[in-house]
2 protein chains.
Amino acid sequence: MKPANSKKECPVKYTINILSGKWKLKTLWELQGNECIRFNELRRRIEGISNVALKRALLELEEDGIIKRVQYDEVPPKVEYSLTEKGRSLNSAFLEMIKWANTYDSNTYSLEEILEVKKFL
Amino acid sequence: MKPANSKKECPVKYTINILSGKWKLKTLWELQGNECIRFNELRRRIEGISNVALKRALLELEEDGIIKRVQYDEVPPKVEYSLTEKGRSLNSAFLEMIKWANTYDSNTYSLEEILEVKKFL
DNA sequence: CAGGATCCAGCCAGATACTG
DNA sequence: CAGTATCTGGCTGGATCCTG
C-alpha cells in the first residue's frame with residue numbers, strides 16, 4: 001500500500017497505489033463530508049474498523065499528502081484530521097470512477113445516491 | 001483483489017478493487033495499445049512477470065469483464081487477449097487519474113509522455 | 001504455446017492488551 | 001482520547017515443475 005513511488009511504469013499506478021488498501025477509501029469518504037474530524041469520531045463512523053487499522057490508513061494517507069493531521073497539546077489528547085488541497089483535488093478522478101462504476105456495477109446506485117455523493121465533490 | 005461486489009459502501013471502491021493488484025495496471029496498459037495480443041507476447045512485454053502472475057491478472061480482469069479471452073483450438077495452442085468495451089471505457093477515469101498524478105507525483109511525466117499516453121485513450 | 005499443479009515466504013490486516 | 005506494542009492467521013504473490 002505504501003509505494004506511491006512508481007517508476008514511470010504507468011502514471012495511473014501512482015493514483016491507484018495511494019487509494020489501495022482496505023480502509024483508505026472509506027476513510028477518505030468520511031473526510032469528504034466534513035471540514036475536520038477527530039480520531040474516535042472517525043472510528044465510530046467507519047463501521048468495523050479497529051483503532052490500529054484506522055491509524056494505519058490515516059498514517060499512509062498523511063504520508064501521501066492526502067490528509068492533514070493536527071495535534072492539540074491538551075489533556076485529554078485531541079487530534080483532528082482533514083483533507084489537504086491535494087486530497088480534495090482527487091474529486092474529478094473520483095467522479096469519473098463513480099460514473100464508470102455506475103454504468104457497469106451490478107449493484108448500481110440510484111440517481112439520488114449519486115447526487116448525494118456529488119454534493120461533496 | 002477479487003471482490004468487486006462492494007456493498008454500496010463507496011462507489012469508487014468498485015473501480016479501485018478491479019484495478020488493484022500488482023500486475024493489473026501494467027497488463028491493462030499493454031492491452032491499451034494493441035488490438036489483441038497473445039499470452040507469451042504479453043509476458044515478454046511485462047518485465048519481470050511470471051506466467052502464474054500473468055495468468056492470475058488476466059483471469060481476474062476477465063472475470064471483471066475488462067478483457068476478453070479468445071481461444072483458438074489449434075496445435076500449438078493460441079489464445080488472444082483484448083479489451084472489452086467496458087475495459088476501453090475506463091479511459092476517462094484513467095485520464096483524470098493521470099492528470100492528478102501529473103500534478104502531484106514527484107517523478108512527473110513530461111508533456112510528451114502524457115500525450116503519448118493519451119494517444120491510446 | 002499457454003497454461004495447470006504445488007509449495008512456500010512475506011506482509012497485511014485483525015484482535016487484544018496496555019499507556020501518556 | 002488517541003493512540004502504541006505484540007501476536008497471529010490468512011491471503012497475495014513468487015518459484016518451480018509439469019503437460020495437452
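Just so we're on the same page: letters track the sequence lines, and every chain starts at 1.
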Between [N] ([atom2]) and [X] ([atom1]): distance, integer Å:
X       : N      : atom1 : atom2 : value
A/Lys55 : C/dC12 : NZ    : P     : 18 Å
B/Asp73 : C/dG3  : CG    : C1'   : 14 Å
A/Leu54 : C/dG14 : CG    : P     : 11 Å
A/Leu58 : D/dA2  : CG    : C1'   : 11 Å
A/Arg45 : D/dA2  : CZ    : C1'   : 17 Å
A/Glu60 : C/dC11 : CD    : P     : 14 Å
B/Leu59 : D/dT12 : CG    : C1'   : 15 Å
A/Asn17 : D/dT12 : CG    : C1'   : 15 Å

Just list the side-chain donor-acceptor pairs under 3.5 Å for residues 71-81 of chain B, sequence neighbours left out, or say none.
unit_1  : atom_1 : unit_2  : atom_2 : d
B/Gln71 : OE1    : B/Arg69 : NH2    : 2.3
B/Tyr72 : OH     : B/Glu80 : OE1    : 3.0

Set of residues satisfying side-chain contact (heavy atoms from CB on, under 4.5 Å) with respect to [X], sequence neighbours excluded:
X       : value
B/Ser50 : B/Val52, B/Ala53
A/Thr84 : A/Lys68, A/Lys86
B/Arg43 : B/Phe39, B/Asn40, B/Ile49, B/Asn51, B/Leu54

**Request:** Taking side-chain hydrogen bond (donor to acceptor under 3.5 Å, both in side chains) as the test, write out the residues that go with B/Ser82, two or more places apart.
**Result:**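 side-chain hydrogen bond (donor to acceptor under 3.5 Å, both in side chains) check on B/Ser82 returns nothing, list empty.
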Contacts of B/Glu47 meeting side-chain hydrogen bond (donor to acceptor under 3.5 Å, both in side chains) (sequence neighbours excluded), chain-then-number -> none
To the nearest 10 degrees, how far apart in direction are the end axes of the helix from C/dC1-D/dG20 to C/dG20-D/dC1, each fit to five base pairs?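 Roughly 50° between the end axes, to the nearest 10°.
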ring-ring contact (aromatic ring centres under 6.0 Å, His included) filter on A/Trp23, not counting sequence neighbours, yields none
Would one find a side-chain N or O of A/Arg44 under 4.0 angstrom from OP1 or OP2 of D/dA2?
no
OH (B/Tyr14) and CG (A/Leu25) are apart, to the nearest 0.5 Å, by 15.0 Å
Taking A/Met97's backbone N and O only, do any of them form a donor-acceptor pair with B/Thr15's side chain (distance below 3.5 Å, no angle check)?
yes
Exercise for review: Remember a base hit wins even if backbone is also touched, and classify B/Tyr81 as base, sugar-phosphate or nothing at under 4.0 Å, heavy atoms.
Suggested key: sugar-phosphate
Within residues 36-43 of chain A, residues whose heavy atoms come under 4.0 Å of DNA chain D:
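Output list: A/Arg38, A/Phe39, A/Asn40.
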Residues at least two apart in sequence or cross-chain that pass salt bridge (charged side-chain N to carboxylate O under 4.0 Å, His left out) with A/Glu85, listed by chain then number, are A/Arg88
Hits for salt bridge (charged side-chain N to carboxylate O under 4.0 Å, His left out) against A/Arg44, two or more places apart or cross-chain, chain-then-number order -> A/Glu41
Given protein heavy atoms under 4.0 Å, the one-letter contact record of nucleotides 14-20 of chain D, with B base, S sugar-phosphate only and - none, is simply BBB---B
